[in-house]
Amino acid sequence: VSIVTGASSGFGARFVEVLAAHGSTVVAAARRLDRLEELAGSRDRIHAFQCDVQDDDQLQALVDWTAENFGSVDVVVNNAGVSDGPAKAELEDPAEFRRVMNVNLNACFVLAAAAARQMIGSGTGGSIINISSVHGLVASAPNNQAAYVASKGALVNLTRELAIQWARHNIRVNAIAPGYFATELTEGLLDESNESGRAWVLKNTPMRRTGELSELDGPLMLLASGAGSYITGQTLAVDGGWTAR
């Protein structure tokens, strides 16, 4: 039984489909209920749950509803995320910085802790997968997004800490750090109309292309399944070589 946040588009929708295709019952969570219901209509194993990850009570309700209806919570994919870019740090609104941190970091902690309580109580263990970014490992400037970089970097270290705290409960905590993929979050940068932005991404990616969503399937299933049973506290970069430079 899996929970995926930010499931209404992009990475999240793909993760839901892949987990369901491999036999998991998946609770797809996001704010846009219409998109979730459309996704749920594609497979019997997919179930929609409207949720704003900025609301702690809604995150707890997500875990409770999943456990009550399907018996357990085995996998959590903390995928919901936002960006503040492009903005020069000295000009950025502190409220915007806090908003990005709340979605990209604080909500991941709240959901992971709620799921861990369920996993510990049931004694079954589980896998928590945090979706970070290559910019949780290296700076993004001149693609200026200080809050995004800070939140994703903190998520990498939170992943390590939770992995160590919960290892004795057989709860594995890992992260995936994608490079540049065509999603709602990157559409302004990777649009054909933005020649300079797209050229910057391709120039700095050793494989000279952006990623395909299907190229995250393997990393996801490795960390979600028994294939990764001895992997915890790790961040797997899927970035075309971006962070190996």
Side-chain angles (χ1 to χ4, degrees), residues 4 6 10-12 14-15 18-19 75 77-89 100-101 104-105 108 112 127-164 167 172-192 194-225 227-245:
V4 180
F11 291 164
R14 178 72 185 191
F15 294 154
V18 171
L19 288 164
V75 176
V77 184
N78 265 318
N79 170 72
V82 294
S83 176
D84 56 330
K88 293 182 178 180
V100 173
M101 293 296 289
N104 292 1
L105 177 64
C108 292
S127 174
I128 296 171
I129 303 167
N130 297 319
I131 306 304
S132 181
S133 165
V134 290
H135 294 311
L137 303 171
V138 296
S140 68
N143 180 17
N144 302 321
Q145 41 187 356
Y148 183 82
V149 170
S151 64
K152 294 299 187 177
L155 189 57
V156 167
N157 224 30
L158 177 65
T159 295
R160 296 187 181 107
E161 177 65 20
L162 298 182
I164 301 309
R172 297 183 296 109
V173 187
N174 293 288
I176 298 174
Y180 282 86
F181 288 72
T183 67
E184 287 184 353
L185 206 62
T186 60
E187 60 185 359
L189 181 65
L190 298 179
D191 283 349
E192 294 292 342
N194 187 352
E195 294 183 8
S196 61
R198 187 173 179 83
W200 176 76
V201 170
L202 298 181
K203 176 183 177 182
N204 286 281
T205 304
M207 292 184 72
R208 295 296 186 266
R209 64 175 178 85
T210 56
E212 299 290 336
L213 288 182
S214 61
E215 292 175 309
L216 293 170
D217 297 357
L220 172 71
M221 291 311 302
L222 170 65
L223 298 178
S225 73
S229 58
Y230 201 52
I231 301 173
T232 197
Q234 303 304 307
T235 297
L236 177 57
V238 186
D239 63 359
W242 187 286
T243 54
R245 293 171 303 160

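Computed over heavy atoms, backbone and side chain alike; hydrogens, waters and symmetry mates excluded.
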Next item on the list: Output every pair passing side chain to side chain donor-acceptor pair (under 3.5 Å) with a member in residues 235-245, not counting sequence neighbours, ordered by first then second residue.
Entry: Asn204-Arg245, Asp239-Thr243

Measure the spacing between [atom1] of [X] and [atom2] of [Y] and express it to the nearest 0.5 Å.
X	Y	atom1	atom2	value
Ile128	Thr232	CD1	OG1	9.0 Å
Ser229	Leu222	OG	CG	9.5 Å
Ile176	Asn78	CD1	CG	11.5 Å
Ile231	Leu236	CD1	CG	8.0 Å

Next item on the list: Could you list the residues that satisfy side chain to side chain donor-acceptor pair (under 3.5 Å) with Asn79, not counting sequence neighbours?
Entry: none

Kindly indicate whether the side chain of [X], heavy atoms from C-beta on, has any atom under 4.5 Å from the side chain of [Y].
X	Y	value
Tyr148	Ser133	yes
Pro178	Glu215	no
Ile129	Phe15	no

Shortest non-hydrogen separation from [X] to [Y] and the atoms involved:
X	Y	value
Ala224	Val75	O-CG2, 3.8 Å
Val149	Val138	CG1-O, 4.4 Å
Gly240	Pro206	O-CD, 3.4 Å
Val238	Pro219	CG2-CG, 3.7 Å
Val156	Ser132	CG2-OG, 3.5 Å
Ala237	Leu137	CB-CD1, 4.3 Å

Margin query: When you measure from the side chain of Asp84 to the backbone of Ala147, do you find a donor-acceptor pair of N or O atoms at a distance under 3.5 Å?
Written below: yes

Notebook entry, point to check: Taking Ser127 for the side chain and Leu223 for the main chain, is one N or O donor matched with an acceptor at less than 3.5 Å?
Noted result: yes

What pairs of donor and acceptor atoms, side-chain ones from residues 157-164 against any protein atom, are under 3.5 angstrom apart with sequence neighbours left out?
residue: Asn157; atom: OD1; partner: Arg160; partner atom: NH1; Å: 2.7
residue: Thr159; atom: OG1; partner: Asn130; partner atom: ND2; Å: 2.9
residue: Thr159; atom: OG1; partner: Leu155; partner atom: O; Å: 2.8
residue: Glu161; atom: OE2; partner: Gln165; partner atom: NE2; Å: 2.8

Margin query: By the definition side-chain hydrogen bond (donor to acceptor under 3.5 Å, both in side chains), identify the one residue from Gln145, Lys152, His135 that meets it with Ser83.
Written below: Gln145

